[in-house]
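Since the model is a prediction, treat every value here as computed from it, not as a measurement. For ligands, and for the atoms within them, numbers begin at 1 and follow the listed sequence.
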Amino acid sequence: MSTILLEIKNGVAFITLNRPEKFNAFNREMALLLQEKFDEAAANDEVRAIYLTGNGKAFCAGQDLGEVTGENPATFDKILLEHYNPIIRRIRNIAKPVVCAVNGVAAGAGANIAICCDIVVATESASFVQAFSKIGLIPDCGGTYFLPRLIGFQKATAIMMLGDKVTATEAERMGMIYKHFSADAFTDESVKIAETLAQLPTKAFEFTKQALNESMSNNLEAQLQLEDKLQFKAAHTEDYREGVAAFLEKRTATFKGQ
Ligand code: LHQ
């Protein structure tokens, strides 16, 4: 069985981390395969949203610690350059929204891959652990970039240094994730978000993502100019024409993602 599963249904690419016996911890094969699956989803015009989740009890326990030792720093460096940084870049740069459905514990790289996704939801029993400090590492996978921006510098620092286990409820309250759902509702509600996104104006989402990505470092003037440039592009899409026509004709718009 592959360590990453991909299924395309209703306009959504369902990508599942699939090493349940290892809490979906990443080995090299799995990290490279995840990159491939994002590329397949990016290239497939049928796909208008991505749904990332884990199989089994955990979402992802980060790096498989059975595969690395602290003895060779060069190997560590390769792990970020070849495994995790390319995954984070893909999630941020793919021109389609990525929903992360956190089905259980998300630790280390697993926690930070989750929080860099566009919309993050979790089942009530899920948790988020910045496990790095417990093994003498620093948070990676863009965690030092995203977490302070999501929840503020002070809380991010404490959570990263102390390695607290943050529950799904607490993560929602502090703005680390969008929402949490009861165990019964989790799958239906999280899939519904991805399937809804897949019916909406995909090109506008591409530009929205670009604007949000750049907002992290732009000043207001640069951001206003970027919005002007991207809005001009959005206004030249078929979906914009359809959206306005549907509004004026008092009917529901049918967006094609073009
Ligand atoms: C695991 C793992 C795991 C292998 C649970 N590996 N087996 C970047 C740069 C370079 C190198 C290193 O990595 C990175 C990025 C990173 O991600 S660093 C951070 C790596 N991850 C961690 O340090 C997390 C380690 N795991 C944990 O803290 C706990 O297992 C969590 C909080 C995930 C879950 O706790 P529990 O629910 O209490 O479960 P457990 O501890 O009993 O684990 C269940 C099983 O999964 C167990 O196996 P076993 O055969 O005893 O049932 C664990 O050994 C295995 N497992 N994480 N990362």
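The CZ atom of Phe255 sits 6.5 Å away from the CD atom of Glu242 when rounded to the nearest 0.5 Å. How far CD of Gln210 is from CD of Glu227: 12.0 Å, rounded to the nearest 0.5 Å. Between the CD1 atom of Ile159 and the NZ atom of Lys155 there is a distance of 6.5 Å, given to the nearest 0.5 Å.
The residue from Ala106, Ala61, Gly108, Gly62 that puts a heavy atom closest to atom 24 (C) of ligand 1 is Ala61. For atom 3 (C) of ligand 1, the candidate residues are His83, Gln63, Lys78, Lys22; the nearest heavy-atom contact is made by Gln63.
Neither the backbone nor the side chain of Phe26 comes within contact range of ligand 1; no heavy atom lies under 4.0 Å. Only the side chain of Ala107 comes within 4.0 Å of ligand 1, counting heavy atoms alone; its backbone N, CA, C and O stay farther away.
For atom 34 (C) of ligand 1, the closest non-hydrogen atom of the protein is Phe23 CE2, 3.8 Å. Atom 15 (C) of ligand 1 has as its closest protein heavy atom Asp140 OD2, 3.6 Å. Shortest contact from atom 4 (C) of ligand 1 to any protein heavy atom: Asp64 OD1, 3.3 Å. In terms of protein heavy atoms, atom 31 (C) of ligand 1 is closest to Val105 CG2, 4.5 Å. Of all protein heavy atoms, the one lying nearest to atom 28 (O) of ligand 1 is Ala131 CB, 4.6 Å. Scanning the protein for heavy atoms near atom 10 (C) of ligand 1, the closest one is Phe76 CD2, 3.5 Å.
At under 3.5 Å, a nitrogen or oxygen of Leu65, whether backbone or side chain, sits near a nitrogen or oxygen of ligand 1. When only interatomic distances are considered, the shortest N/O to N/O separation between Leu137 and ligand 1 does not fall below 3.5 Å.
Residues Glu238 and Arg241 are not paired through a salt bridge, judged by the lack of any N-O separation under 4.0 Å between the basic side chain and the carboxylate.
Between Val121 and Ser190, the shortest heavy-atom distance links the atoms CG2-CB, 3.6 Å.
Taking the six-membered ring for Trp and the full ring otherwise, Phe232 and His236 have centroids separated by under 6.0 Å. Ring centroid separation for the pair Phe26 and Tyr84 comes in under the 6.0 Å cut-off.
Residues Cys141 and Phe146 fail the side-chain proximity criterion, which asks for heavy atoms closer than 4.5 Å.
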